[in-house]
Protein chains: 4
Amino acid sequence: MADPPDRATGPTRDRIVTAAVETIKTHGLAGASARAIAKTGGFNQALIYYYFPSLTGLYLAALEHTSAARMNAYLARMTDIRSLDDLVRVGGELFDEDVAAGHITVLAELVSSALAQPEIGARITELMEPWVRLTQDTMDRFVRGTFVEPIIQTGAIAQGLVAFYLGIEMLYHLDRDRSRTDALFAMFKALAPIASPFLAASPQPGGENDD
Amino acid sequence: MADPPDRATGPTRDRIVTAAVETIKTHGLAGASARAIAKTGGFNQALIYYYFPSLTGLYLAALEHTSAARMNAYLARMTDIRSLDDLVRVGGELFDEDVAAGHITVLAELVSSALAQPEIGARITELMEPWVRLTQDTMDRFVRGTFVEPIIQTGAIAQGLVAFYLGIEMLYHLDRDRSRTDALFAMFKALAPIASPFLAASPQPGGENDD
Amino acid sequence: MADPPDRATGPTRDRIVTAAVETIKTHGLAGASARAIAKTGGFNQALIYYYFPSLTGLYLAALEHTSAARMNAYLARMTDIRSLDDLVRVGGELFDEDVAAGHITVLAELVSSALAQPEIGARITELMEPWVRLTQDTMDRFVRGTFVEPIIQTGAIAQGLVAFYLGIEMLYHLDRDRSRTDALFAMFKALAPIASPFLAASPQPGGENDD
Amino acid sequence: MADPPDRATGPTRDRIVTAAVETIKTHGLAGASARAIAKTGGFNQALIYYYFPSLTGLYLAALEHTSAARMNAYLARMTDIRSLDDLVRVGGELFDEDVAAGHITVLAELVSSALAQPEIGARITELMEPWVRLTQDTMDRFVRGTFVEPIIQTGAIAQGLVAFYLGIEMLYHLDRDRSRTDALFAMFKALAPIASPFLAASPQPGGENDD
DNA sequence: CATGAATGAGCATTCATTCAT
DNA sequence: TATGAATGAATGCTCATTCAT
């Protein structure tokens, strides 16, 4: 308590965070005890408390880690998207990567645990905001200037899409059955050419420029 | 003869299940220890094991309980729905009730825990199937006979809607902020009159008649 | 507490005792919980307390039961023994039956438990006395009148033989290896003709006549 | 790396083992709960699981401990034995020490518990083997070269003597009555001069040299 | 005569966390 | 910087026993 843990950087810290992500992904949050994480990473369990104030702190750091890593991947691919067709295709690829990276697993487990620990709920909400923003921005690029713009609220829809994304991943883990997700992506793909006329022919490139 | 518990009925069993639902709703699955549930219900913790083979058994019973209770409520209201407008309105009301009853909370917590305990995943999937079915049936009533029928796959969409529903509830618990949900329902409400022309003018009453 | 349990007789009592013997034999004393015994016998566990003041009371009754049953078998075969050869042969047969009946298992388990519950030690000692007596009497029949009579103390040896018997059975259960016991009995068989000349040519029939 | 306990050495480990021996000796295996052992040793019960994988592991370690300690004592005294008279005298002294050290108590309790937990039976058999070997070796030293050598099987007899030893100790704990044992040792003492002529006049010194 | 229901106490084990080194 | 040692509190679960019926 004398020394202030929660060191911001360092290779050992990364090692711990990586081990935490891996353990949460494999054994769930309930199975991600200090012992389990230390075993995964091959270090002493007391080391966790040298870098983080508590296990919860590490859990949040794990979410920050995967979130940042995935966000980079998303941003890198966003420039590829020039049509609704691209959007569906790239979206499917990114989803597959998300699942493989364990990002949404970590997210879902933490969101789930926030019920019992409301104090971390706010922080998780913060960490999700960039994703909602990115989703909304992407939608705006397709919607701006079209006749649907005044009808729909991209902000609300973005929230809903993130929720949907979270839910889909949770259901996937129930029985590891990809057919659910596959059917949905297939339908999106089929709908894309139909919806295209109503949307922007060539979506404008966009970042996080407007608020 | 009284050895393998999991008694099917009885007032005490109900008391335990109710206490379990209440505890999961309030403290999450991680906080729903045998002791915590017993405290909520005002009975001895050993009593749980007289009625259920394990805590996991009780958790599943809790989900079965809320699921059955909510399904009854849903079926009772289904006949009220005669237009897309009705659907949005009744849907919103039912969602509010779901949240209040804690049904989706119990569901979300159990789905989340299935990551670490794959053996219960299959059972949860079973318990979710009636909901997917109900969702799909309801959609079919609006879609059947319209020109959108060949374009969309109500089965896949139903899965997606259930996932969306699950995700929305999880996000709601993050910060207890209803604005997210409200904005979405408001938009649905606004979209209803626009979408109506494309769908069945008067949806056919339907149960679980077709497979 | 109002009614005095420990009923002396009755078919139901026998059923309980038999179930107790069976359970101790199979699962050991530590595994012979009220539940386990009731399951073996197919009755309600509370029934035990209608016939016995406590589980310990039932355990002792179980020992009394097997002890009496085996004593009858021993006495019935004693008249067959007319030579040292007979003794070894019949002794081997009776040992096999003892093991099969679980008598020595129950005895060994109870003796073992007496360490922690000294209050039952005295009762067990009492229950073992007839066996020591029988052993001594049998020895006396062979020794009386011979020149070895003043040299050995059949009382002490009888105690030792019973201890040996107990120990052998315990070791047998370690690995279920009969070879140990077989080798010993084989050697006894080989020694019998050698020892015979030193003992009574025709052992006198004897009961529990002398003190 | 510190995860699978069962640390091989260390003073704390010794403390735990000693406390376990003491507790088993006093309260029996059934009374040697983690809490009871911790109380005996004055340490936290969780410490047990830092050094041993389970209570069973500790029980076996306790047996290994007493067995090794007693074996050292036995070997140290073996050189004193030059006659049958010595054997009886030293044997009696060692038996007294065995009882005091609790070695045979621990052994008997563990052997008894192997009925319900067959998986530890094999290990216990292993731990008993040196004792059987020592007994046989000692007998061989007296028998070798004498006319009784071809008649008796020292291997089988050694097994029987160990069994006898075990049984005697168990009976002793029934009523803490030493007279049984005393009478037997007294008789052995009386028989020694009689048996001596038939055995080796001066037993050969021997270790575990021959197989 | 027998049972189902119920309980308080105890069990083995694991937890997050601390601390001296 | 990192670790081994240690602990108090909690975990899921089983126990012998009681009691109303």
Side-chain angles (χ1 to χ4, degrees), chain A residues 1-3 5 7 10-13 15-16 30-38 43-56 58, chain B residues 1-3 5 7 10-13 16 30-38 43-58, chain C residues 1-3 5 7 10-13 15-16 30-38 43-56 58, chain D residues 1-3 5 7 10-13 16 30-38 43-58:
Chain A
M1 220 159 264
D3 46 354
R7 272 139 187 68
T12 305
R13 198 193 119 107
R15 228 175 116 208
I16 297 173
S33 67
R35 269 173 183 74
I37 293 170
F43 48 80
N44 190 281
Q45 51 167 331
L47 193 59
I48 291 171
Y49 296 90
Y50 188 75
Y51 283 87
F52 300 94
S54 69
L55 264 196
T56 302
L58 172 54
Chain B
M1 218 157 265
D3 266 85
R7 276 149 187 66
T12 305
R13 196 194 123 106
I16 297 172
S33 68
R35 279 164 179 80
I37 294 170
F43 47 80
N44 191 282
Q45 55 162 329
L47 196 58
I48 290 172
Y49 299 92
Y50 188 75
Y51 283 86
F52 298 94
S54 70
L55 265 198
T56 301
L58 172 55
Chain C
M1 221 161 264
D3 47 354
R7 273 140 187 65
T12 304
R13 198 194 119 105
R15 229 176 115 209
I16 297 172
S33 66
R35 269 173 183 74
I37 293 170
F43 47 81
N44 190 280
Q45 52 166 332
L47 194 58
I48 291 171
Y49 297 89
Y50 188 75
Y51 283 87
F52 300 94
S54 70
L55 263 197
T56 303
L58 171 54
Chain D
M1 221 157 263
D3 265 85
R7 274 146 188 68
T12 305
R13 195 194 124 107
I16 297 173
S33 67
R35 278 165 179 80
I37 294 170
F43 47 80
N44 190 282
Q45 53 164 330
L47 195 58
I48 291 172
Y49 298 92
Y50 189 75
Y51 283 87
F52 299 94
S54 69
L55 265 198
T56 301
L58 172 54

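Values below: all heavy atoms of this structure, side chains included; hydrogens, waters and symmetry mates excluded. Within every chain, numbering begins at 1; the chains are lettered A, B, ... in the order of the sequence lines, protein sequences first and strands thereafter.
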Check whether any side-chain heavy atom of D:Leu58 sits under 4.5 Å from a side-chain heavy atom of D:Tyr51, and report yes or no. no

Quick check: closest heavy atoms across A:Ala38 and A:Asn44, and the distance to 0.1 Å? CB-C, 3.9 Å

Among the nucleotides F:dC13, E:dT17, E:dT3, which one has an atom lying closest to any side-chain atom of C:Leu47? E:dT3

side-chain contact (heavy atoms from CB on, under 4.5 Å) filter on A:Ala30, not counting sequence neighbours, yields none

Quick note, D:Tyr50 side chain, CB onward, closest among E:dT3, F:dT1, F:dG4 is F:dG4

With sequence neighbours excluded, what pairs up with A:Ser54 under the side-chain contact (heavy atoms from CB on, under 4.5 Å) test? A:Thr56

Taking for each residue the nucleotide of DNA chain E with the nearest heavy atom, is it D:Thr56 or B:Thr12 whose nucleotide lies nearer the 5' end? B:Thr12

Interatomic distance, B:Tyr51 OH vs E:dT7 C1' [rounded to whole Å]: 13 Å

Quick note, B:Ser54 side chain, CB onward, closest among F:dT17, F:dC13, E:dT13 is F:dC13

Without decimals, in angstroms, what is the distance between C:Ile37 CD1 and F:dC15 C1'? 12 Å

Rounded to whole angstrom units, what separation is found between the OH atom of C:Tyr49 and the P atom of F:dT17? 4 Å

Between CD1 of A:Ile48 and P of E:dA16 the distance, given in whole Å, is 8 Å

Return one dot-bracket line describing DNA chain F 5' to 3' (Watson-Crick or G-U wobble pairs, both distances under 3.5 Å; ( ) same strand, [ ] crossing, | another strand, . none). .||||||||||||||||||||

Shortest non-hydrogen separation from D:Thr12 to D:Leu47 and the atoms involved: CG2-CD2, 3.7 Å

Nearest heavy-atom contact between D:Leu55 and D:Tyr49 is CG-OH, 3.8 Å

Pairs under 3.5 angstrom, nitrogen or oxygen only, protein versus nucleotides 9-11 of chain F, please.
{"unit_1": "F:dT11", "atom_1": "OP1", "unit_2": "B:Ser33", "atom_2": "OG", "d": "3.2"}

For C:Ile16 and E:dT3, give me the distance from atom CD1 to atom C1', rounded to whole Å. 12 Å

Residues in side-chain contact (heavy atoms from CB on, under 4.5 Å) contact with B:Ala36, at least two apart in sequence or another chain: B:Thr23, B:Ser33

In this structure, how many angstroms lie between the P atom of E:dG8 and the CZ atom of B:Phe43, rounded? 13 Å

